[in-house]
Number of protein chains: 2
Amino acid sequence: MDTEKSCTITEIAKCYHKSERSIRIVLERIGDKWSMLVLLLLAEHGTVRFHEFDNMIDGISQKVLSNTLKTLETDGLINRKVYPVVPPKVEYTLTELGTGLVPPVKTLVDWACMHSKDILESRQKHL
Amino acid sequence: MDTEKSCTITEIAKCYHKSERSIRIVLERIGDKWSMLVLLLLAEHGTVRFHEFDNMIDGISQKVLSNTLKTLETDGLINRKVYPVVPPKVEYTLTELGTGLVPPVKTLVDWACMHSKDILESRQKHL
DNA sequence: CAGCATCCACGCGGATACTG
DNA sequence: CAGTATCCGCGTGGATGCTG
(Lines give C-alpha, C1' and ligand atoms only; values in the text may rest on other atoms or scores of the structure.)
Protein backbone atom coordinates (compact mmCIF):
# COMPACT_ATOMS: atom_id res chain seq x y z
CA MET A 1 0.00 0.00 0.00
CA ASP A 2 2.99 2.21 0.42
CA THR A 3 4.55 0.99 -2.81
CA GLU A 4 3.98 4.46 -4.13
CA LYS A 5 3.11 3.41 -7.61
CA SER A 6 0.67 6.27 -7.52
CA CYS A 7 3.18 8.93 -8.42
CA THR A 8 0.87 11.71 -9.47
CA ILE A 9 1.61 14.74 -7.41
CA THR A 10 -2.01 15.14 -6.47
CA GLU A 11 -1.96 11.69 -4.92
CA ILE A 12 1.31 12.32 -3.15
CA ALA A 13 -0.01 15.56 -1.68
CA LYS A 14 -2.63 13.67 0.30
CA CYS A 15 -0.19 11.64 2.33
CA TYR A 16 2.96 13.68 2.06
CA HIS A 17 2.86 14.65 5.71
CA LYS A 18 3.36 11.03 6.74
CA SER A 19 7.06 11.02 7.38
CA GLU A 20 7.60 7.40 6.32
CA ARG A 21 7.02 8.29 2.71
CA SER A 22 10.20 7.59 0.80
CA ILE A 23 9.75 10.71 -1.28
CA ARG A 24 10.06 12.74 1.87
CA ILE A 25 13.08 10.70 2.93
CA VAL A 26 14.86 11.38 -0.34
CA LEU A 27 13.95 15.06 -0.41
CA GLU A 28 15.01 15.44 3.21
CA ARG A 29 18.29 13.78 2.44
CA ILE A 30 18.80 16.20 -0.42
CA GLY A 31 17.79 19.12 1.70
CA ASP A 32 19.87 18.41 4.74
CA LYS A 33 22.88 20.56 4.73
CA TRP A 34 25.66 18.19 3.70
CA SER A 35 24.36 14.88 2.34
CA MET A 36 24.28 15.73 -1.33
CA LEU A 37 27.68 17.36 -1.15
CA VAL A 38 29.10 14.14 0.29
CA LEU A 39 27.32 12.10 -2.34
CA LEU A 40 28.68 14.22 -5.18
CA LEU A 41 32.19 14.26 -3.76
CA LEU A 42 32.10 10.48 -3.72
CA ALA A 43 30.90 10.50 -7.30
CA GLU A 44 33.88 12.65 -8.24
CA HIS A 45 36.55 10.90 -6.21
CA GLY A 46 35.36 7.32 -6.03
CA THR A 47 36.76 6.47 -2.62
CA VAL A 48 37.10 8.96 0.21
CA ARG A 49 38.32 8.61 3.79
CA PHE A 50 36.85 10.37 6.77
CA HIS A 51 39.57 12.96 7.23
CA GLU A 52 39.62 13.58 3.50
CA PHE A 53 36.00 14.65 3.71
CA ASP A 54 36.94 16.78 6.66
CA ASN A 55 39.62 18.50 4.59
CA MET A 56 37.62 18.84 1.41
CA ILE A 57 34.49 20.20 3.00
CA ASP A 58 35.00 23.59 4.53
CA GLY A 59 32.97 24.43 7.57
CA ILE A 60 31.71 20.99 8.56
CA SER A 61 32.25 19.63 12.04
CA GLN A 62 33.29 16.09 12.76
CA LYS A 63 30.06 15.29 14.51
CA VAL A 64 27.92 16.50 11.65
CA LEU A 65 30.10 14.74 9.09
CA SER A 66 29.81 11.57 11.11
CA ASN A 67 26.03 11.86 11.31
CA THR A 68 25.75 12.63 7.61
CA LEU A 69 27.76 9.57 6.66
CA LYS A 70 25.82 7.38 9.04
CA THR A 71 22.47 8.45 7.66
CA LEU A 72 23.62 7.96 4.08
CA GLU A 73 24.79 4.48 5.03
CA THR A 74 21.50 3.70 6.74
CA ASP A 75 19.63 4.74 3.63
CA GLY A 76 21.80 2.43 1.55
CA LEU A 77 23.39 5.19 -0.48
CA ILE A 78 27.01 4.72 0.58
CA ASN A 79 29.27 1.90 1.77
CA ARG A 80 31.54 2.06 4.78
CA LYS A 81 34.60 -0.16 4.71
CA VAL A 82 36.72 -0.47 7.83
CA TYR A 83 40.29 -1.70 7.64
CA PRO A 84 41.39 -3.33 10.91
CA VAL A 85 44.68 -1.47 11.20
CA VAL A 86 46.24 1.05 13.53
CA PRO A 87 45.75 3.87 13.07
CA PRO A 88 42.25 3.10 11.85
CA LYS A 89 41.36 3.46 8.21
CA VAL A 90 37.83 3.82 6.92
CA GLU A 91 36.87 4.25 3.32
CA TYR A 92 33.54 5.41 1.94
CA THR A 93 32.20 4.58 -1.50
CA LEU A 94 28.90 4.89 -3.32
CA THR A 95 26.55 1.95 -3.43
CA GLU A 96 24.75 1.08 -6.61
CA LEU A 97 21.71 2.84 -5.24
CA GLY A 98 23.71 5.93 -4.38
CA THR A 99 25.34 5.94 -7.80
CA GLY A 100 21.90 5.99 -9.36
CA LEU A 101 20.95 9.03 -7.36
CA VAL A 102 23.93 11.02 -8.56
CA PRO A 103 22.74 11.98 -12.07
CA PRO A 104 19.40 13.46 -10.98
CA VAL A 105 21.09 15.38 -8.18
CA LYS A 106 23.82 16.56 -10.49
CA THR A 107 21.21 17.83 -12.89
CA LEU A 108 19.69 19.81 -10.08
CA VAL A 109 23.00 21.26 -8.97
CA ASP A 110 23.80 22.24 -12.53
CA TRP A 111 20.44 23.95 -12.75
CA ALA A 112 21.23 25.81 -9.55
CA CYS A 113 24.57 26.94 -10.94
CA MET A 114 23.02 28.15 -14.16
CA HIS A 115 20.21 30.08 -12.50
CA SER A 116 21.99 31.34 -9.42
CA LYS A 117 21.96 34.87 -10.77
CA ASP A 118 18.21 34.81 -11.35
CA ILE A 119 17.48 33.57 -7.85
CA LEU A 120 19.84 35.97 -6.14
CA GLU A 121 18.47 38.90 -8.15
CA SER A 122 14.93 37.95 -7.29
CA ARG A 123 15.88 37.78 -3.62
CA GLN A 124 17.41 41.22 -3.88
CA LYS A 125 14.26 42.66 -5.39
CA HIS A 126 12.04 41.20 -2.69
CA LEU A 127 14.21 42.13 0.26
CA MET B 1 33.13 36.10 -7.94
CA ASP B 2 30.00 34.35 -6.85
CA THR B 3 28.94 33.67 -10.38
CA GLU B 4 29.55 30.02 -9.61
CA LYS B 5 30.85 29.11 -13.00
CA SER B 6 33.18 26.82 -11.14
CA CYS B 7 30.73 23.99 -10.79
CA THR B 8 33.08 21.18 -9.91
CA ILE B 9 31.94 19.68 -6.67
CA THR B 10 35.40 19.98 -5.19
CA GLU B 11 35.27 23.73 -5.71
CA ILE B 12 31.77 23.98 -4.31
CA ALA B 13 32.80 22.05 -1.21
CA LYS B 14 35.16 24.80 -0.19
CA CYS B 15 32.54 27.48 0.13
CA TYR B 16 29.41 25.47 0.57
CA HIS B 17 28.98 26.58 4.15
CA LYS B 18 28.44 30.17 3.07
CA SER B 19 24.71 30.34 3.09
CA GLU B 20 24.48 32.86 0.27
CA ARG B 21 25.48 30.24 -2.25
CA SER B 22 22.61 29.67 -4.60
CA ILE B 23 23.25 25.96 -4.67
CA ARG B 24 22.46 25.86 -0.99
CA ILE B 25 19.40 28.02 -1.55
CA VAL B 26 18.05 25.65 -4.17
CA LEU B 27 18.82 22.52 -2.18
CA GLU B 28 17.30 24.05 0.93
CA ARG B 29 14.19 24.92 -1.01
CA ILE B 30 14.01 21.35 -2.19
CA GLY B 31 14.63 20.02 1.27
CA ASP B 32 12.16 22.14 3.14
CA LYS B 33 9.07 20.24 3.82
CA TRP B 34 6.56 21.64 1.37
CA SER B 35 8.16 23.79 -1.33
CA MET B 36 8.68 21.14 -3.96
CA LEU B 37 5.22 19.75 -3.42
CA VAL B 38 3.77 23.20 -4.05
CA LEU B 39 5.96 23.61 -7.12
CA LEU B 40 4.88 20.28 -8.58
CA LEU B 41 1.22 20.89 -7.82
CA LEU B 42 1.47 24.13 -9.74
CA ALA B 43 3.10 22.27 -12.60
CA GLU B 44 0.18 19.87 -12.65
CA HIS B 45 -2.65 22.35 -12.21
CA GLY B 46 -1.34 25.52 -13.78
CA THR B 47 -3.12 27.99 -11.53
CA VAL B 48 -3.94 27.35 -7.89
CA ARG B 49 -5.59 29.47 -5.22
CA PHE B 50 -4.60 29.60 -1.59
CA HIS B 51 -7.45 27.56 -0.21
CA GLU B 52 -7.04 25.05 -3.02
CA PHE B 53 -3.54 24.36 -1.82
CA ASP B 54 -4.94 24.06 1.66
CA ASN B 55 -7.39 21.44 0.47
CA MET B 56 -5.02 19.54 -1.77
CA ILE B 57 -2.18 19.31 0.69
CA ASP B 58 -3.04 17.20 3.67
CA GLY B 59 -1.44 18.15 6.95
CA ILE B 60 -0.19 21.63 6.13
CA SER B 61 -1.15 24.61 8.27
CA GLN B 62 -2.09 27.98 6.91
CA LYS B 63 0.93 29.64 8.40
CA VAL B 64 3.36 27.18 6.88
CA LEU B 65 1.60 27.27 3.53
CA SER B 66 1.76 31.04 3.61
CA ASN B 67 5.47 31.01 4.44
CA THR B 68 6.20 28.43 1.77
CA LEU B 69 4.44 30.47 -0.90
CA LYS B 70 6.16 33.65 0.23
CA THR B 71 9.61 32.12 0.04
CA LEU B 72 8.97 30.61 -3.37
CA GLU B 73 7.83 34.03 -4.54
CA THR B 74 10.90 35.69 -3.08
CA ASP B 75 13.11 33.23 -4.92
CA GLY B 76 11.32 34.05 -8.15
CA LEU B 77 9.89 30.59 -8.64
CA ILE B 78 6.20 31.46 -8.45
CA ASN B 79 3.94 34.42 -9.21
CA ARG B 80 1.30 35.79 -6.88
CA LYS B 81 -1.63 37.54 -8.52
CA VAL B 82 -4.10 39.40 -6.35
CA TYR B 83 -7.59 40.24 -7.59
CA PRO B 84 -9.02 43.30 -5.84
CA VAL B 85 -12.39 41.78 -5.05
CA VAL B 86 -14.36 40.78 -1.98
CA PRO B 87 -13.94 38.14 -0.84
CA PRO B 88 -10.27 38.26 -1.81
CA LYS B 89 -8.94 36.10 -4.58
CA VAL B 90 -5.30 35.23 -5.03
CA GLU B 91 -3.88 33.00 -7.70
CA TYR B 92 -0.48 31.39 -7.82
CA THR B 93 1.33 30.33 -10.97
CA LEU B 94 4.81 29.20 -11.90
CA THR B 95 7.27 31.72 -13.22
CA GLU B 96 9.51 30.86 -16.12
CA LEU B 97 12.27 30.16 -13.65
CA GLY B 98 10.05 27.91 -11.58
CA THR B 99 8.87 26.08 -14.67
CA GLY B 100 12.47 25.31 -15.51
CA LEU B 101 13.05 23.81 -12.10
CA VAL B 102 10.15 21.39 -12.46
CA PRO B 103 11.73 18.78 -14.78
CA PRO B 104 14.86 18.20 -12.63
CA VAL B 105 12.75 17.97 -9.51
CA LYS B 106 10.28 15.66 -11.18
CA THR B 107 13.16 13.41 -12.19
CA LEU B 108 14.22 13.26 -8.58
CA VAL B 109 10.73 12.48 -7.33
CA ASP B 110 10.39 9.75 -9.91
CA TRP B 111 13.69 8.30 -8.76
CA ALA B 112 12.41 8.39 -5.20
CA CYS B 113 9.25 6.55 -6.20
CA MET B 114 11.17 3.90 -8.07
CA HIS B 115 13.68 3.25 -5.32
CA SER B 116 11.49 3.72 -2.28
CA LYS B 117 11.56 -0.01 -1.57
CA ASP B 118 15.36 -0.12 -1.62
CA ILE B 119 15.68 2.77 0.78
CA LEU B 120 13.04 1.53 3.18
CA GLU B 121 14.54 -1.96 3.17
CA SER B 122 17.98 -0.57 3.85
CA ARG B 123 16.58 1.45 6.74
CA GLN B 124 14.97 -1.68 8.11
CA LYS B 125 18.24 -3.56 8.00
CA HIS B 126 20.15 -0.84 9.80
CA LEU B 127 17.57 -0.16 12.46
C1' DC C 1 42.81 8.33 12.42
C1' DA C 2 38.04 8.18 12.98
C1' DG C 3 35.12 8.80 15.57
C1' DC C 4 31.70 9.58 20.17
C1' DA C 5 29.84 12.56 24.20
C1' DT C 6 28.05 16.61 25.71
C1' DC C 7 26.03 21.01 25.65
C1' DC C 8 23.77 24.71 23.36
C1' DA C 9 21.39 28.02 20.02
C1' DC C 10 18.48 28.72 16.47
C1' DG C 11 14.86 28.18 13.30
C1' DC C 12 11.40 25.25 11.17
C1' DG C 13 7.26 23.49 11.47
C1' DG C 14 2.83 22.82 13.99
C1' DA C 15 -1.50 24.40 16.68
C1' DT C 16 -4.64 27.80 17.63
C1' DA C 17 -6.94 32.14 17.41
C1' DC C 18 -7.86 36.34 15.14
C1' DT C 19 -8.64 39.92 10.88
C1' DG C 20 -9.31 43.02 6.46
C1' DC D 1 -11.07 34.10 1.28
C1' DA D 2 -6.48 34.68 2.31
C1' DG D 3 -4.04 35.39 5.11
C1' DT D 4 -1.48 37.40 10.03
C1' DA D 5 -0.22 36.87 15.18
C1' DT D 6 1.41 34.30 18.85
C1' DC D 7 3.27 30.57 21.31
C1' DC D 8 5.71 26.37 21.61
C1' DG D 9 8.44 21.89 20.95
C1' DC D 10 11.78 19.59 18.67
C1' DG D 11 15.56 18.51 15.83
C1' DT D 12 19.43 20.00 13.20
C1' DG D 13 23.57 21.80 13.15
C1' DG D 14 27.64 23.84 15.53
C1' DA D 15 31.59 24.06 19.20
C1' DT D 16 34.46 21.74 22.14
C1' DG D 17 36.71 18.04 24.41
C1' DC D 18 37.71 13.20 24.88
C1' DT D 19 38.97 8.13 23.19
C1' DG D 20 40.18 3.26 21.16
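Quick note: numbers below take in every heavy atom, side chains included, and nothing from hydrogens, waters or symmetry partners. Convention: sequence-line order gives letters A, B, ...; per-chain numbering from 1.
Remark: of the listed residues B:V48, B:T68, B:I60, B:V48 is the sole one forming a side chain to side chain contact (heavy atoms under 4.5 Å, CB included) with B:F53.
Taking side-chain N and O atoms only, B:S66 has no distance below 4.0 Å to OP1 or OP2 of D:dG3. Within the 4.0 Å cut-off from OP1 or OP2 of C:dG3, at least one side-chain nitrogen or oxygen of A:Y92 is found. Proximity of A:R80 to the phosphate of C:dG3: a side-chain N or O atom is located under 4.0 Å from OP1 or OP2.
Distance CG (A:D32) to C1' (D:dG11): 12 Å, rounded to an integer number of Å. Look at CZ on B:F50: it is 11 Å from P on D:dC1, rounded to the nearest Å. Between B:K70 atom NZ and C:dG13 atom C1' the separation is 15 Å, expressed in whole Å. One can place NZ of A:K81 at 18 Å from C1' of C:dC1, the figure rounded to the nearest angstrom. What separates CG of B:L69 from C1' of D:dC1 is a distance of 14 Å, to the nearest Å. When rounded to the nearest whole Å, the span between CG of B:D54 and C1' of C:dG14 equals 13 Å. Atom CZ in B:F53 sits about 14 Å away from atom C1' in D:dG3, given to the nearest Å. Protein atom CD of A:E91 is 12 Å distant from nucleotide atom P of C:dG3, rounded to whole Å.
Less than 4.0 Å separates DNA chain C from at least one heavy atom of each of the following residues of residues 55-63 of chain A: A:Q62, A:K63.
Fit an axis to the five pairs at each end of the helix from C:dC1-D:dG20 to C:dG20-D:dC1 and the two axes sit 50° apart, to the nearest 10 degrees.
Residues A:V38 and A:I57 are in side-chain contact: their nearest non-hydrogen atoms beyond the backbone lie under 4.5 Å apart. Side-chain contact between A:K89 and A:K81 is absent, with no heavy-atom pair separated by less than 4.5 Å. Put simply, the side chain of A:L108 does not reach to within 4.5 Å of the side chain of B:T107, judged on heavy atoms. Looking at heavy atoms from C-beta onward, B:S35 lies out of side-chain contact with B:I30 at the 4.5 angstrom threshold. Between B:N67 and B:K63 the shortest side-chain heavy-atom distance falls below 4.5 Å. No side-chain heavy atom of A:E52 sits less than 4.5 Å from a side-chain heavy atom of A:L41.
Listed candidates were C:dG3, C:dA2, C:dG14. Nearest to the side chain of A:R49 is C:dA2. Nearest nucleotide to the side chain of B:V64, out of C:dG3, D:dG13, C:dG13: C:dG13. Checking C:dC1, C:dG13, D:dC1 against every side-chain atom of B:K33, the shortest atom distance belongs to C:dG13.
B:Y92 and B:V85 sit in two unconnected hydrophobic clusters of ILVMFWY residues. Membership requires side-chain heavy atoms under 4.5 Å apart, directly or through other members.
A cation-pi arrangement is found for B:R24 relative to B:Y16, the charged atom lying closer than 6.0 Å to the ring centre and inside a 45° cone about the ring normal.
Position along DNA chain C of the nearest nucleotide to A:P88 versus A:H17 favours A:P88 as the more 5'-ward residue.
Here the side chain of A:S116 pairs no donor or acceptor atom with the backbone of B:S22 at under 3.5 angstrom.
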